[in-house]
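Notes follow once the structure below has been shown.
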Amino acid sequence: MDKTYQPHAIENQWYQTWEEKGYFKPNGEGDPYCIMIPPPNVTGSLHMGHGFNNAVMDALIRYRRMKGDDTLWQVGTDHAGIATQMVVERQLAAQGVSRHDLGREAFLNKVWEWKEQSGGTITRQIRRLGSSVDWSRERFTMDEGLSRAVQEAFVRLHDDGLIYRGKRLVNWDPKLHTAISDLEVENHDEKGHLWHLRYPLADGATTADGKNYLVVATTRPETMLGDSAVAVHPEDERYRSLIGKFVVLPLVNRLIPIVADDYVDREFGTGCVKITPAHDFNDYEVGKRHNLPLINVLDKNAAILPGAQIFNVDGSVNAQVDSSLPTQFAGLDRYEARKQIIAAFEDVGLLEKIDDHALKVPRGDRSGVVVEPWLTDQWYVSTKPLAEPAIAAVEDGRIEFVPKQYENMYFSWMRDIQDWCISRQLWWGHRIPAWYDANGQVYVGRNEAEVRAKYNLAADLPLQQDEDVLDTWFSSGLWTFSTLGWPEQTDFLEKFHPTDVLVTGFDIIFFWVARMIMLTMHLVKDDQGQAQIPFKTVYVHGLVRDSQGQKMSKSKGNVLDPLDIIDGIDLETLVQKRTTGLMRPQDASKIEKQTRKEFPDGIAAYGTDALRFTFCSLASTGRDIKFDMGRVEGNRNFCNKIWNATRYVLMQCEDQDCGQDGSQDYELSVVDRWIISKLQLAEKTVCTALDTYRLDLAAQAIYEFVWDEYCSWYLELSKPLLWDENASAAQKKGTRRTLIRVLETILRLSHPLMPFITEEIWQKIKPLAGATGDTIMLSRYPQADESRVDKQALNDVAWLQAIILGVRNIRGEMKIADAQKIPVLIKNGSADDQQRLNANQQFLRKLAALESITWLSPEATAPMSATALVGQMEILVPMAGLIDKEAEIARLTKESARLEQDIAKTEGKLANAAFVDKAPAEVVEKERNRVVENKIALEKLREQIEKMNAL
RNA sequence: GGGCGGUUAGCUCAGUUGGUAGAGCAAUGCCCUUACAAGGCAUGGGUCACAAGUUCGAGUCUUGUACCGCCCACCA
């Protein structure tokens, strides 16, 4: 074996073997256990969040597989409508071509081409991460089967009255020219202005304070072209008399009414609000209440009336909306129009003032531009009826969130859910299965033929399919069952649905989790016709952030590719990777500087297992992860530790009798029984942690057991046993057997978190450990056996350790090199101590590097020594030539100060009558013993200090 | 404006039902000891954000405050 662990030498080979042999597939035996991968964007590449997500899922699935469950980890990718279309459009734009130049069909061919070309990146990455997904069942949201499921779901929901087409205000993205759902709008605080505009009163009316105009305050002055009213609060004394009167809309010179509506907040601004029903969600509602005009200019059949939409698809001012509109603004971009409209107000003396104002600006999450409320026909899912059972499923515990607090987030959103706009004016996606006749009558069905039959349409009636596609999340929402073959009643659907756990970040609870629950419960029924849930548990993990706690994003230039941590990357390549393809190329120099500072030597190659173990150990619930490269390095070292422990074990066991034949002629020493006991405890901790989704605790328990107990203590303790010429063959065999079998168990215990190194080593040692089977992947997961916990051995070794630590402390403080063997005297020991000493001398000699151990009778006089205490027993290291008097006094003084402090504290507690009265007897007893023991120890230390001083 | 989470060693984080605070990294000192210098041994370092309360006893439970972060919401 190499002297250090070389992950690259083994990872690819093992993954290939596993995959070829079909180990990832369900084997048809045991209880079904299923996890659905959150499908990544087929044309994207995996980031750290995916790496984390995959590490968690693979740990869970490998754990359950080894426990004997019939596991299915369903893999696949998402077509990611907007994101993918944007990428391809950007590529075309670089060649000066727009999608409209190509036309729909040619454009879609381009996207498919890109999908084919790019799709391998993701799947290659998933393989490199070691994820044990069933590749034979890989799906894509736009493949034939899933498209059929989408169609089926749409038609059924429509026929059930849960999908409808409606004309209403939607969030319009003027850059992407499509509607988006509420969730795709991000509201950010931005600095803006509040413009105070004067609207002259008509018919000579005046305000209470004698002005002949009203002042409206607005953050969006350019929308005034579409104003159809001014609203005041019904009980606002300042304006009460004006309700029902009119103002003249400046620049447009149209009369608009003053209406009363308690939507208006009297305290804010001037208490007068301009109402633009076609361009603001609130105003839309006000407009409906007051029958204010509101007409969509895109609707060719509609009359052009005041209040119509004043913007075009791209947010420029609509020239044709209304012949009364001043023509000088036509065609201007909305922000240019704003400037000119303000200037025009100023020209006519109607601009009262401009205040600075902080406001929430709604931006499209993909395009980043300010979205425009816009009136169009769109398809909607009626969510209220779907939400009800979906809420109940979480309330009654059929679906459980881990950690629990996310249920509140889910409830609060679901209880106030708005209808979901599912149509998108894109080309890449599932085309909506709806057809129109020349009169705009809509027919929904699985295909044109079905539509004609279903609605009794003449064969020659011209029908036109809806141009729009569905929101990507509509198909994602079917993921748990569409991938299993729905709408067919397949065996897989029968067996694996509902799935067991969904592992995901909190950022997509609304986008994905909530919608999956709603859609699944409506569309999928069990044998009794009851609604099926998509999954029993939702394990919600945090976001992976950079070392500064910043969200990772391409534009910040702080993204890390998990593969670069696995394979390593040099600085120049990393800089190049981070600075190419930026949305804002001007950020490049800043990103370069920052990257060079954070990774002056690039990133070392740490291997998959180190990365995965790090993800797991950072996976505590309910908080984000600040990714720390130091942890990866530490865990790479941990892999190396296991590797080298194996080298040692093999040196001891190879070509030796380790009981691999199952023979019983071996003896277990106290340390053998000790490590076996500790192993049971570790197994229990790890299993409990995995069962409760505490991968961090599982990782910690494994780390501590392997490094601190197995390596630091047991391997060292095994040396005096195996190297003892007087030890019997049975004893040596017992130790070799324990060495190799505990190691083999460690590998199985760690496999879900570190699949590669454990398989590699397991294959090397399995014959010696008497293990069988072709792969560790399918071997049995260790299970704690309480009957193998040997209390006596635990106590004996704790005693040993205390002595060794005492001597080492003297050694360390006195700077005695380990190479120098020292004599030790033992005084004041009990009969038990003496017996233990006799039985365990060899261990003490080796681990404390002792030259001799001498048992002193209580009467014997000892030479001047440095002292360590183990209970009543004194461990003495004679000072002659080794130890400096002052240093020893200092050491003893430090120790006694510590004891004094402890005694004072404990005595204070015991002096409190209330404590003695009310605390449980055993707690009081413990404190009493503590004082007694510490006092004896302190007394000894003081005597020792006195003796030193007398020298 | 509501709701949630966080605040523990220089850094990143654990801390189970209240019983004297732990790990990794970093630091310091000594060691190339025959598994491992990606290592060994030892050491230092924390009024658990602040305040009050409950309790014999609070990092842990209650209330409030501060700061940080997130989610939701119609204040033009």
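Order of the sequence lines fixes the chain letters, A, B, ..., with proteins taken first and strands second; residue numbering starts at 1 for each chain.
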message: If the cut-off is 4.0 Å, is A/R623 near the phosphate of B/C68, judged by side-chain N/O to OP1 or OP2?
response: no
- request: Classify the side chain of A/S547 versus the base of B/U12 as yes if they form a donor-acceptor pair under 3.5 Å and no if they do not.
  value: no
statement: The Watson-Crick or G-U wobble partner of B/C32, with both key distances under 3.5 Å, is none
- prompt: Got a second to check how far A/L739's CG is from A/L743's CG, nearest 0.5 Å?
  reply: 8.5 Å
- request: Give one of base, sugar-phosphate or nothing for A/Y5, where a contact means two heavy atoms less than 4.0 Å apart.
  value: base
query: When only distance counts, do a donor and an acceptor, one from the side chain of A/K626 and one from the base of B/U12, lie under 3.5 Å apart?
result: no
query: Taking only side-chain nitrogens and oxygens of A/K815, does any of them come within less than 4.0 Å of OP1 or OP2 of B/C30?
result: no
Geometric class of the A/F52/A/H541 ring pair [parallel <30°, tilted 30-60°, perpendicular >60°]: tilted
task: Could you please name the partner base of B/G57, counting Watson-Crick and G-U wobble pairs only when both distances are under 3.5 Å?
output: none
- line: Its contact letters, B for base, S for sugar-phosphate only and - for none at protein heavy atoms under 4.0 Å, make nucleotides 32-37 of chain B read -B-BBS
task: Classify the ring geometry between A/Y410 and A/F401 as parallel (under 30°), tilted (30 to 60°) or perpendicular (over 60°).
output: tilted
query: Are A/H357 and A/F268 close enough that their ring centres sit under 6.0 Å apart?
result: yes
query: Which part of the nucleic acid does A/A919 contact within heavy-atom distance under 4.0 Å: base, sugar-phosphate only, or nothing?
result: base
- line: Pairing partner of B/U12, by Watson-Crick or G-U wobble and under 3.5 Å for both distances, is B/A23
- prompt: Hey, is the side chain of A/N282 poking within less than 4.0 Å of OP1 or OP2 on B/C75, counting only N and O atoms?
  reply: no
query: Base, sugar-phosphate alone, or nothing: which one does A/F281 contact when heavy atoms must sit under 4.0 Å apart?
result: nothing
query: Can you find an N or O donor on one side and an acceptor on the other, under 3.5 Å apart, linking the side chain of A/R808 with the base of B/A42?
result: no
message: Parallel, tilted or perpendicular: which one describes the rings of A/Y406 and A/F506, with boundaries at 30° and 60°?
response: parallel
statement: When both distances are under 3.5 Å in a Watson-Crick or G-U wobble arrangement, the nucleotide paired with B/U65 is B/A49
field: For atom CZ of A/R898 and atom P of B/A21, their distance in whole Å
entry: 13 Å
field: Pairing partner of B/A38 (Watson-Crick or G-U wobble, both distances under 3.5 Å)
entry: none
task: Assess whether atom NZ of A/K556 is packed by more than 12 heavy atoms of other residues, nucleotides or ligands within 6.0 Å.
output: yes
- prompt: Base, sugar-phosphate, or nothing for A/Y406, non-hydrogen atoms under 4.0 angstrom?
  reply: nothing
